[in-house]
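Since the structure comes first, as C-alpha cells, the remarks are kept for the end.
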Amino acid sequence: MTTRKPIRKAVFPVAGLGTRFLPATKAIPKELLPIVDRPLIQYAVDEAREAGIEQMIFVTGRGKSAIVEHFDVAYELEATMSERGKDLSILDSTRFTPGDIITVRQQVPLGLGHAIWCARAIVGDEPFAILLPDELMVGNQGAGSGTGGTGCMKQMVEAYEQVGGNLVSVLEVPREDVSSYGVITPGESRGTLTEVRGLVEKPPVEQAPSNKIVSGRYILQPEVMRTLEGQEKGAGGEIQLTDAMARMIGTQPFHAVTFNGRRFDCGSKTGFVEATLALALEREDMGEEVRAMARRLLG
Ligand code: G1P
C-alpha cells in the first residue's frame, strides 16, 4: 500500500445562524445544543479525534465564541469540582493540546464553499477532513467513540488509506428528498467504495443523477481551496463546496464511502428529537428508564 499523507486537520463549519431552532439559538450556538448531555459539536469533534485527527479548525461567526469556550480549560469550574472531590474525567473530551483548537471567522455568510475556503491558510498544503456537525453519524455495533461502532470519519480515513484522493460519505435517501442535498453520479462500486463520476448540489428530483446523497463528511485534497478561489455562486445563490468538488473530478481520484451506521439530521427539529431519543435509549445509565418513559408517553 502506498503511504498517504495522513489526515491531521479537520474543518468544522459552524458559522450558521441556526434560525430553524429559534428562539433556542438566539444566544446559544446551535452546535452547543445538547443531544442527551453532549453538545452536538462534541459528537463531531469526537468522531474526528477517533479517526486520528489532531487539529480542529472551527469556521465561526459572530456570537459563536461559546464553542471555543467549550473546548477551553474552565479553571474556576475545575478548581471548584476538585475541591468538592468531584470526578473531572467527565470533561476529558473537551481537552485539547494548546494550539490544536483553531478558529477563523467567516465574516459574511456566502455558503459552505466559502466557509471552507476561509480556512485555507490553516489547512495549508495537506489533505484535510470536513465534518458538518448538523449531521450526527453513529457507527454500527459495539465499542467505538462512545456513540456506537466505528465512526464515519474513521471509516473514511481507512478508505482514504487505500485509495487516496478525495472522498465523500454518502447514503441513500428516498428519491423525493434528494433536492435538499449534494448528489453523486455513481460509477463502479467495490465494497463500500463507489467511484464518483459527477456531483450536483440540490438538483430538482427529476434531474438527480441518483439517490446517493453527500452526508456531511469529506476528505479533500488541498487543491480544492484553489478551486474555490473566485468561484461563482451556485445553488441557492451560495458558493457551493459541491461545485468545487465537481470541478476536481477527473483531475484526481474521487470516491464515495457508504457509511456503515446511522445518520441523524440534527439540522431539523424532528431529526434532533430522534437523535436524542435514540441515543438516550442506548445509554447504559438511563436506557431502561427512558424506554419505560417512552412506553408511558405512547400510552
Ligand atoms: C450541505 C451540502 C450538501 C450536503 C448537506 C449534508 O447542504 O451543501 O451537499 O448534502 O450539507 O447535510 P446544507 O445542509 O448546508 O444545505
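Numbering of ligands and ligand atoms starts at 1, following listing order. When a residue number appears, it is its place in the shown sequence, counting from 1. What you see is a predicted model, and the numbers here were worked out from it, not measured in a lab.
Those atoms of ligand 1 that come under 4.0 Å of a heavy atom in Q240, given as number and element, are 8 (O). Counting atoms of ligand 1 from 1 in the listed order, those under 4.0 Å from a heavy atom of G182 are 3 (C), 4 (C), 9 (O), 10 (O). In summary, the atoms of ligand 1 found under 4.0 Å from a heavy atom of K202, numbered by their order in the structure, are 7 (O), 13 (P), 16 (O). Residue T242 approaches ligand 1 through these ligand atoms, each under 4.0 Å from one of its heavy atoms: 9 (O).
The closest approach between a heavy atom of L112 and any atom of ligand 1 is below 4.0 Å.
The single protein non-hydrogen atom nearest to atom 4 (C) of ligand 1 is V214 O, 3.4 Å, given as residue, atom name and distance. Atom 11 (O) of ligand 1 has L132 CD1, 3.3 Å as its closest protein atom, hydrogens excluded (heavy atom only). At the top of the distance list for atom 2 (C) of ligand 1, counting protein heavy atoms only, stands E201 OE2, 3.6 Å. For atom 12 (O) of ligand 1, the closest non-hydrogen atom of the protein is E135 OE2, 2.4 Å.
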Fill in: Derivation of the salt bridge (Lys or Arg N to Asp or Glu O under 4.0 Å) call for D37 and R283
CA-CA 11 Å; D37 51 11; R283 286 264 296 244; 2.9 Å; yes
Item to complete: For the pair E238 and K202, evaluate salt bridge (Lys or Arg N to Asp or Glu O under 4.0 Å) and give the outcome as yes or no after the intermediate values.
Response: CA-CA 12 Å; E238 298 190 338; K202 303 192 173 70; 5.8 Å; no
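Looking only at atom types and distance, the side chain of R217 has no donor-acceptor partner in the side chain of Q155 under 3.5 Å away.
For atom 8 (O) of ligand 1, the nearest protein heavy atom lies closer than 4.0 Å.
Panel note: side chain R49, backbone S93; a donor-acceptor pair is recorded below 3.5 Å.
Below 30°, between 30° and 60°, or above 60°: for F58 and F12 the angle between ring planes is between 30° and 60°, a tilted geometry.
A salt bridge is absent between R262 and E274; no separation between the charged side-chain nitrogens and carboxylate oxygens falls under 4.0 Å.
Here the NZ atom belonging to K64 is positioned 11.5 Å from the CD1 atom belonging to I28, to the nearest 0.5 angstrom.
By the 3.5 Å distance cut-off applied to N or O atoms, Y181 is not counted among the residues near ligand 1.
The local environment of CZ in R20 is sparse, with at most 12 non-hydrogen atoms from other residues, nucleotides or ligands closer than 6.0 Å.
Proximity of I213 to ligand 1, defined as any heavy-atom pair under 4.0 Å, is not found for any part of the residue.
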